[in-house]
Amino acid sequence: MSTRWLPAETSPVELTIPHAAQIRAAWLERLAGHPAGENVELDLSNVQEIDSAGVQLLLALRASLARRGARLALVEPSAATREALATLG
C-alpha cells in the first residue's frame, strides 16, 4: 500500500536551502502520523527549483521511511528534479 504526498502545500515548490527547514518540519510532522510499513509516493511534478539541500531532504525522507519499513517512490519528477538528481547523483 502507498500514500501519495505532495512535497508542499503550495505550488510551485522550491526544494532549496531557504525553504529546507520549513519543508523538513512539515515532512517530519506527516511522517509522525504515517503508518509504519506504508510506502510513500512523493509527487514532484510541481518542483520548480531544487538544490543540494532539496536532494538531501529527499535522501533523509527515504532513510526515515526505510527505518519504518517503507519505501519512497518519486512520482512524476519535474525537469528541475531530474536534472538535480542526475547532477548530484
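Because only heavy atoms are used, hydrogens play no part in the values below, and waters and symmetry mates are left out as well, while side chains stay in.
To the nearest 0.5 Å, atoms CG (Leu57) and CG (Leu15) are separated by 6.5 Å. Distance check, rounded to the nearest 0.5 Å: CG of Leu72 to OG of Ser2 gives 10.0 Å. With rounding to the nearest 0.5 angstrom, the CD1 atom of Ile23 is 8.5 Å from the CD atom of Glu14.
For Arg68, the CZ atom sits in a packed shell: over 12 heavy atoms of surrounding residues, nucleotides or ligands are nearer than 6.0 Å. The neighbour count for Ile17 CD1, taken as heavy atoms of other residues, nucleotides or ligands under 6.0 Å away, does not exceed 12.
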Scan the side chains in residues 80-89 for donor-acceptor partners under 3.5 Å anywhere in the protein, sequence neighbours excluded, and list what turns up.
from: Thr81; atom 1: OG1; to: Ser78; atom 2: OG; distance (Å): 3.0
from: Arg82; atom 1: NH1; to: Pro77; atom 2: O; distance (Å): 2.6
from: Thr87; atom 1: OG1; to: Glu83; atom 2: O; distance (Å): 2.8

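Applying the salt bridge (Lys or Arg N to Asp or Glu O under 4.0 Å) definition to pairs two or more places apart or across chains, those involving residues 41-66 are Arg4-Glu41, Arg4-Asp43.
Remark: side-chain polar atoms of Asn46 are not paired, donor with acceptor, to backbone N or O of Val13 under 3.5 angstrom.
Across every non-hydrogen atom of Arg71 and Leu65, the tightest pair is O-CD1, 4.1 Å. In this structure, Ala70 and Gly37 approach most closely via the heavy-atom pair CB-C, 3.9 Å. Taking all atoms of both residues into account, the shortest heavy-atom contact from Leu61 to Trp5 is CD1-CZ3, 4.0 Å. The shortest heavy-atom contact between Leu31 and Ser64 is CD2-CB, 3.4 Å. Nearest approach of His34 to Asn39, heavy atoms of both residues: NE2-O, 3.9 Å.
Following chains of ILVMFWY side-chain contacts shorter than 4.5 Å, one can reach Ile50 starting from Leu59, so the two form part of one hydrophobic cluster.
No side-chain heavy atom of Val75 sits less than 4.5 Å from a side-chain heavy atom of Leu42.
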